[in-house]
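Following: one structure in structure tokens, then a few remarks.
So that the names make sense, note that chain A is the first sequence line, chain B the second, and so on, each numbered from 1. As a basis for the values below, the full set of heavy atoms in this structure was taken, side chains included, without hydrogen atoms, waters or symmetry mates. Predicted model only: the values in this text are computed from it and were never measured.
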Amino acid sequence: MAGQLEGKVAFITGAARGQGRSHAIRLAQEGADIIAVDICKQIDTVGYQMSTPEDLAETVSQVEALDRRIHAVEADVRDRAALQAAFDAGVAELGPVDIVLANAGIAPLSLNPVPEEWQDVLDVNLTGVYNTVEVAKPSMIEGGRGGAIVITSSTAGLNGIGGNTPGGLGYTAAKHGVVGLMRSYANQLAEHSIRVNTVHPTGVDTPMVVNDVMQEFLEADPQMGQAMANALPVPMIDAVDISNAILYLVSDAGRYVTGVTLPVDAGFTNKK
Amino acid sequence: MGRLDGKVAFITGVARGQGRSHAIRLAQEGADIIGVDICEPVPTNNIPPATEADMAETVRLVEALDRRIIATKADVRDYDAVKAAVDEGVAELGRLDIVAANAGIAGTPNPAENLSEEDWTTMIDINLSGVWRSIKAAIPHLKAAGRGSIIITSSTAGLNAYQNLAHYVSAKHGVVGLMRTLALELAPDMIRVNSVHPTSVDTDMIQNETIYGLFAPDLEPEERTREAVGERFATLNALPVPWVEAVDISNAVLFLASDEARYITGVALPVDAGQTTK
């Protein structure tokens, strides 16, 4: 059976591991070629281990194992010029981009917060998303073939959660902020048949959530842990669940879905 | 391999339009179907009614896919009739996994002050209470299956206001409250509940003289062509299309019904060409 994304090219940020890697694999399974970027470096205010060049190489090998092509570049979404160069090189190798997944994000949560967390999380999770769409937008419009953009927000993009630290507040502010970006882009790009939506995951079983620092953070405030409980009786969901929602949104099955905030949250938001 | 192999879906309003499209799309992915439709005129509803011939055509189309379908003439205003149809369908097909509460009417458009008592109560009885009755009849079977997915067909009118449609807007908003409450009540049983919110869909419900008159009151009736009225419909959407196809709603229902959405519940999903965000 032909894949749902045969002949398409997808640009994915934060693709070295976690949800980004899962998206690359899931879209490749459906026939898409992938332009993958990831910072593959530590950011000082982030308490958990961030991605490495080895992680990105693993994404490359898993996509290639599916007989799809992948152009992978180490690039920081905060650096517009580097991101543009990565995008352009990917297009030169794989052809024009149809799908953009602005997935890269950090969660600088810690028991010893520092003021710099605020700016770092806004730079990566909000400005980084803006940069991602901006580097892709001109060629998608010029191509005239429409397209689909999905921004990864969070339940913290719909609810006032995330705690009281600079990093936690910044995370929630940034994840709300991308909803405004999505809505504006959806309206502006509709005439070009480019659709723009957000997904809002609850806790996903990835290194950003499952790590010692997050564990410590949640244990220090049991009330917060309790407030994070889902409606469906599952503690966490899997990266592929977000990938499947994104696949629906970017495929022809979702060809008239735009401007939508789609929670993939085991009923978390509805329970609030 | 289908995405719904071994599953059984209960669909209301199955004789034509979106309901028929859902039956076909879910059957294509391996589901057997339990379907009901009133197949009769409804007072206050100004479009030609679904007929038993329409229902027979749905049955033929599903069976042509080598799937089974138990179709019963039943009115969602009659709980006992709906329950009997579901119970008999489950007895025949063995289980129930999916509910698509789709049956609905458009009614007669009018400013709220001019709506009759019958306009209002008929609308609420079908588009709101009928959804509750259909789901109530299905819940015990979903619980018996150990998990399930309920999809309620609301509308952009379930999220936004539209003049001359107070009764329709109220009913379609009402099912969102029903969806949200059911999502909470049924979460411990791993039964998910979501709503879909279509913009205009290219079915008999919009392609008729009453709706054409609502969209183009300034045109003479003979000028109200599909193309002319389509331009008016297109102004509502952000994407440059007048309406979407029934299969676009079916694809959303399929996604929500399938394991690909196994952790999506309590969600109002617009399939609206950007109408709500515009």
**Message:** Just so I know, are the side chains of A/Y171 and A/L109 near enough to count as touching, which here means a heavy-atom distance under 4.5 Å?
**Reply:**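 In short, these two side chains do not touch, never coming nearer than 4.5 Å.
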**Minimum side-chain heavy-atom gap A/F11-A/T132 below 4.5 Å** =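 Yes; the side chains approach each other to less than 4.5 Å.
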**Message:** Just checking A/E134: does its CD atom have more than 12 heavy atoms from other residues, nucleotides or ligands closer to it than 6.0 angstrom?
**Reply:** yes
**Item:** Enclosure of B/K143 NZ (heavy-atom neighbours >12, cutoff 6.0 Å)
**Value:**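 No.
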Rounded to the nearest 0.5 Å, what separation is found between the [atom1] atom of [X] and the [atom2] atom of [Y]?
X      : Y      : atom1 : atom2 : value
A/T198 : A/R183 : OG1   : CZ    : 7.5 Å
A/L249 : A/N244 : CG    : CG    : 11.0 Å
A/R145 : A/K8   : CZ    : NZ    : 7.0 Å
B/D189 : B/I139 : CG    : CD1   : 9.0 Å
B/T153 : B/K172 : OG1   : NZ    : 6.5 Å
A/T59  : A/R17  : OG1   : CZ    : 10.5 Å

**Request:** Report the residue from B/N102, B/V175, B/V176 that forms a side-chain contact (heavy atoms from CB on, under 4.5 Å) with B/I152.
**Result:** B/V175
**Asked** Can you pull out the residues in residues 264-272 of chain A with any heavy atom less than 4.5 Å from chain B?
**Response**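 Listed by number, the contacting residues are A/V264, A/D265, A/A266, A/G267, A/N270, A/K271.
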**Prompt:** Quick one: which residues of residues 21-34 of chain A reach chain B at under 4.5 angstrom, heavy atoms only?
**Reply:**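 At a heavy-atom separation under 4.5 Å, chain B is reached by no residue of residues 21-34 of chain A.
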**Asked** Looking at A/A245, A/S251, A/A190, which one has more heavy-atom pairs under 4.5 Å with chain B than the rest?
**Response** A/A190
**Prompt:** What part of A/I237 lies closer than 4.5 angstrom to a heavy atom of chain B: side chain, backbone, both or neither?
**Reply:** both
**Prompt:** What part of A/V196 lies closer than 4.5 angstrom to a heavy atom of chain B: side chain, backbone, both or neither?
**Reply:** neither
**Prompt:** Contact part of B/L269 toward chain A, heavy-atom cut-off under 4.5 Å: side chain, backbone, both or neither?
**Reply:** side chain
**Prompt:** So, A/D238 and B/R262, do they make that salt bridge, N to O below 4.0 Å?
**Reply:** yes
**Prompt:** Which residues, numbered in order, of residues 244-261 of chain B come under 4.5 angstrom of chain A by heavy-atom distance?
**Reply:**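 At a heavy-atom separation under 4.5 Å, chain A is reached by B/V244, B/E245, B/V247, B/D248, B/N251, B/A252, B/F255, B/E260.
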**Prompt:** Between B/T199, B/N237, B/V267, B/N194, which has the largest tally of heavy atom pairs under 4.5 Å with chain A?
**Reply:**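 Between B/T199, B/N237, B/V267, B/N194, the count favours B/V267.
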**Prompt:** Between B/F233 and B/W243, how do the two ring planes meet: parallel, tilted or perpendicular, split at 30° and 60°?
**Reply:** perpendicular
**Asked** Is it the case that B/D202 and B/Q207 place a side-chain donor and acceptor less than 3.5 Å from each other?
**Response**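 A donor-acceptor contact under 3.5 Å links the two side chains.
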**side-chain hydrogen bond (donor to acceptor under 3.5 Å, both in side chains) against B/N160, all qualifying residues, sequence neighbours excluded** = B/Y162, B/T276
